[in-house]
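Data first, discussion second: the structure below is written as structure tokens.
Labels below follow one simple rule: chain letters A, B, ... track the order of the sequence lines, proteins then strands, and each chain is numbered from 1.
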Number of protein chains: 2
Amino acid sequence: MADSARLPREEQRAASVVSIRDLQTRCSRCDIRELCLPVGLDDAALRQLDHVVRTRRRVKRGEVLYRIGDSFAELFAVRVGTFKITILASDGREQITGYQMSGDLVGLDGISTGRHQCNAIALEDSEACVMPFDGLAEVARTVAPLQLSLHRFLSREIGRDQQLMLALGRLSAEERLAAFLVNLAERHHARGFASREFVLRMTRAEIGNYLGLTLETVSRLFSRLQREGLLQADGRLIRNLDLEGLRKRAGRTC
Amino acid sequence: MADSARLPREEQRAASVVSIRDLQTRCSRCDIRELCLPVGLDDAALRQLDHVVRTRRRVKRGEVLYRIGDSFAELFAVRVGTFKITILASDGREQITGYQMSGDLVGLDGISTGRHQCNAIALEDSEACVMPFDGLAEVARTVAPLQLSLHRFLSREIGRDQQLMLALGRLSAEERLAAFLVNLAERHHARGFASREFVLRMTRAEIGNYLGLTLETVSRLFSRLQREGLLQADGRLIRNLDLEGLRKRAGRTC
DNA sequence: CGGAGGTTTGAAAAGAGTCAAAGGTCGTGG
DNA sequence: CCACGACCTTTGACTCTTTTCAAACCTCCG
């Protein structure tokens with residue numbers, strides 16, 4: 001697992017079935033297009049986008065979509081699965097800055113310098129649409145709704161990051177975990193999944209890293225929330241989330 | 001001080017001298033244009049931008065440039081002074097998510113929802129150029145370098161936010177303050193000011209808020225860094241910064 | 001020159017981290 | 001199909017960094 005090579009086999013496979021994958025990749029026919037960059041585009045605009053977004057990449061659990069320092073040429077739109085986004089301090093300490101799921105865009109931070117400034121690692125077998133950025137920008141110059149959508153995704157990312165800063169800076173450990181769970185529940189809900197019951201894709205250590213806590217603290221907090229009837233946790237399977245109760249404990253950051 | 005009214009007098013004054021202010025406001029003649037959104041634009045592009053950016057707003061120390069919930073219609077480019085950007089938890093706890101100085105864009109987070117999601121408050125008497133976002137977007141559709149610059153500023157903001165998350169999530173109190181000081185020094189340097197000596201525009205409480213610490217901890221850390229010869233702090237006047245020494249203590253996040 | 005706001009320092013408390021140990025789970029290879 | 005090992009989770013005991021509370025001092029603005 002962990003940082004293995006970058007899927008040469010997968011990439012070959014993709015190349016060998018280009019026509020089929022190409023068909024699948026059309027934004028205009030994508031079932032999550034209303035969650036993703038194409039949100040709100042009309043048919044003509046979608047067709048333009050279809051010309052830009054032509055391939056997908058499969059990334060197996062534990063493998064890397066891109067690494068810090070990789071040259072930036074494309075954004076990725078998560079289609080299936082979950083990625084964690086991580087940055088590093090010089091001494092190697094790692095901070096997870098986000099968990100991205102279907103419809104989310106990853107790679108936005110690479111635009112500013114032309115190099116990726118974070119790692120994107122799959123937490124489960126995942127698939128992302130490859131969006132060459134130059135092409136995207138070009139279409140955005142003629143298709144105003146796409147331009148707006150791109151601006152909104154960039155801006156939304158800033159807003160999300162600020163919420164995490166608030167959590168890291170001002171909330172107690174319990175508040176952070178409660179906010180995290182409510183946030184996950186809401187995102188599942190937005191994607192048509194159950195919000196009161198789901199399987200975590202990340203370990204206690206990864207949750208702790210994201211929230212600025214240790215894995216032991218996270219584990220203890222799960223035990224406490226369970227004792228107090230706010231959820232049932234069986235490893236990564238979370239059930240019977242009491243969303244209102246958790247919101248009360250979250251400093252309503254979510 | 002603090003949250004007083006929104007400068008009706010200032011706005012009147014601005015209106016009464018439109019022609020002069022208009023002249024001053026041209027990006028093409030602005031002395032910080034290479035730090036700001038116009039970076040790298042040619043003369044023709046600058047002239048286009050001049051048509052969009054036509055006014056400035058003065059904001060006195062302690063006053064508000066915009067508030068959470070205000071409708072978003074424009075970005076602001078800081079020309080003179082410093083702003084703190086704050087967000088709120090539901091219970092009123094506040095987190096400062098950034099300090100923005102000349103050349104920085106503020107308001108980017110408002111694009112996604114059409115409402116500002118943070119407050120921007122002047123830490124000293126300041127001035128910001130008003131950039132109507134629709135107009136900016138329209139020009140960006142024909143002027144590719146401006147489009148790229150806008151994308152880069154949005155992306156840069158994401159990268160900065162991630163650095164703060166790393167600090168809040170993984171660094172010790174001392175490392176956070178060291179990283180903060182090095183970051184300030186570098187930004188001063190980029191603006192042509194001394195990097196080893198400057199006046200802080202924010203209180204100990206504001207530094208602590210930004211770094212997820214209490215004001216007492218920040219004060220103790222300044223005393224410690226001074227004892228150990230890494231700087232001299234006389235209130236907000238900081239002198240003789242030992243940048244290399246501080247970088248070593250900062251987990252090199254900066 | 002009065003007072004509000006800001007800073008420093010100390011002492012005690014608390015929240016989260018560290019270290020340690022044991023049990024659980026999952027996937028793979030034999 | 002089972003067993004093994006790697007990884008993950010839980011819980012306890014103790015530690016330590018940072019917070020909280022308190023008091024005194026500074027300083028700058030009106």
Side-chain angles (χ1 to χ4, degrees), chain A residues 1-4 60-63 84 93-96 121 123-125 167-180 199-228 231-238 249 251, chain B residues 1-4 60-63 84 93 95-96 121 123-125 167-178 180 199-228 231-238 249 251:
Chain A
M1 204 193 290
D3 286 355
S4 50
K60 288 195 203 144
R61 178 177 171 182
E63 292 185 335
K84 66 174 177 183
R93 273 177 292 184
E94 183 175 85
Q95 170 73 35
I96 298 174
I121 298 168
L123 292 179
E124 58 189 318
D125 292 355
L168 292 170
R170 302 257 79 74
L171 302 191
S172 71
E174 185 181 276
E175 290 170 325
R176 289 182 212 181
L177 183 60
F180 174 68
V199 175
L200 295 170
R201 300 275 112 111
M202 62 293 283
T203 66
R204 301 289 190 260
E206 285 166 334
I207 295 172
N209 183 299
Y210 179 65
L211 298 175
L213 305 170
T214 60
L215 71 98
E216 294 95 330
T217 299
V218 173
S219 177
R220 279 186 250 269
L221 287 170
F222 270 116
S223 301
R224 184 153 102 207
L225 292 176
Q226 174 153 345
R227 260 198 314 278
E228 296 172 352
L231 54 78
Q232 285 174 272
D234 179 11
R236 300 199 196 172
L237 172 60
I238 307 295
R249 304 211 179 193
Chain B
M1 204 189 292
D3 287 354
S4 51
K60 288 193 203 144
R61 178 177 171 182
E63 292 185 335
K84 67 173 177 184
R93 274 176 292 184
Q95 171 72 35
I96 297 174
I121 299 168
L123 292 180
E124 57 188 318
D125 292 355
L168 292 170
R170 301 258 78 76
L171 303 191
S172 71
E174 184 179 280
E175 289 170 326
R176 290 182 211 180
L177 183 59
F180 174 69
V199 175
L200 295 170
R201 300 277 115 110
M202 61 293 284
T203 67
R204 300 289 190 259
E206 285 166 334
I207 295 171
N209 184 299
Y210 179 65
L211 298 175
L213 305 169
T214 60
L215 71 96
E216 294 95 330
T217 300
V218 173
S219 177
R220 279 186 250 268
L221 288 170
F222 269 116
S223 301
R224 185 153 101 206
L225 291 176
Q226 174 153 347
R227 256 197 319 276
E228 295 173 353
L231 54 76
Q232 284 174 273
D234 180 10
R236 301 201 196 171
L237 171 61
I238 306 295
R249 304 212 178 190

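In terms of the salt bridge (charged side-chain N to carboxylate O under 4.0 Å, His left out) criterion, residue partners of E174(B) (sequence neighbours excluded) are, by chain and number, R224(B), R249(B).
Rounding to whole angstrom units, CZ of residue R61(B) and C1' of dG5(C) are separated by 10 Å. Between L215(A) atom CG and dG23(C) atom C1' the separation is 15 Å, expressed in whole Å. As rounded to whole Å, 19 Å separates atom P of dT7(C) from atom CZ of R224(B). Atom CG of L225(B) is separated from atom C1' of dT8(C) by 15 Å (rounded to the nearest Å). Here the P atom of nucleotide dC26(C) and the CD atom of E124(A) are 15 Å apart, to the nearest Å. E206(A) has its CD atom 14 Å from the C1' atom of dT9(D), to the nearest Å. Taking atom CD1 of residue I207(B) and atom P of nucleotide dT7(C), one finds them 8 Å apart after rounding to whole Å. Atom-to-atom, CD of Q226(B) to C1' of dT8(C) comes out at 12 Å; the value is rounded to the nearest Å.
Without hydrogens or angle criteria, E63(A) side chain to I121(A) main chain gives no donor-acceptor distance under 3.5 Å. No donor-acceptor pair closer than 3.5 Å links the side chain of R204(B) to the backbone N or O of T214(B). When atom types are taken as modelled, the side chain of D125(B) and the backbone of R61(B) share a donor-acceptor pair closer than 3.5 angstrom. Side chain of Q95(B) to main chain of N209(B): a donor-acceptor pair is present (N/O by atom type, distance under 3.5 Å, no hydrogens or angles).
L237(B) places none of its side-chain heavy atoms less than 4.5 Å from the side chain of Q232(B).
Within the nucleic acid shown, G208(A) has no heavy atom closer than 4.0 Å to any nucleic acid atom.
Place D234(A) and T214(A) on DNA chain C by their nearest nucleotides, and T214(A) ends up nearer the 5' end.
Exactly one of E175(A), R170(A), R176(A) qualifies for a side-chain hydrogen bond (donor to acceptor under 3.5 Å, both in side chains) with S172(A). That residue is E175(A).
Applying the 4.0 Å criterion to OP1 and OP2 of dT9(D), one finds that R236(A) has a side-chain N or O inside that range.
Of the residues in residues 216-223 of chain B, those placing a heavy atom less than 4.0 Å from an atom of DNA chain C are E216(B), S219(B), R220(B), S223(B), in numerical order.
The listed nucleotides are dG6(C), dT18(D), dG27(C); the one nearest the side chain of L213(B) is dT18(D).
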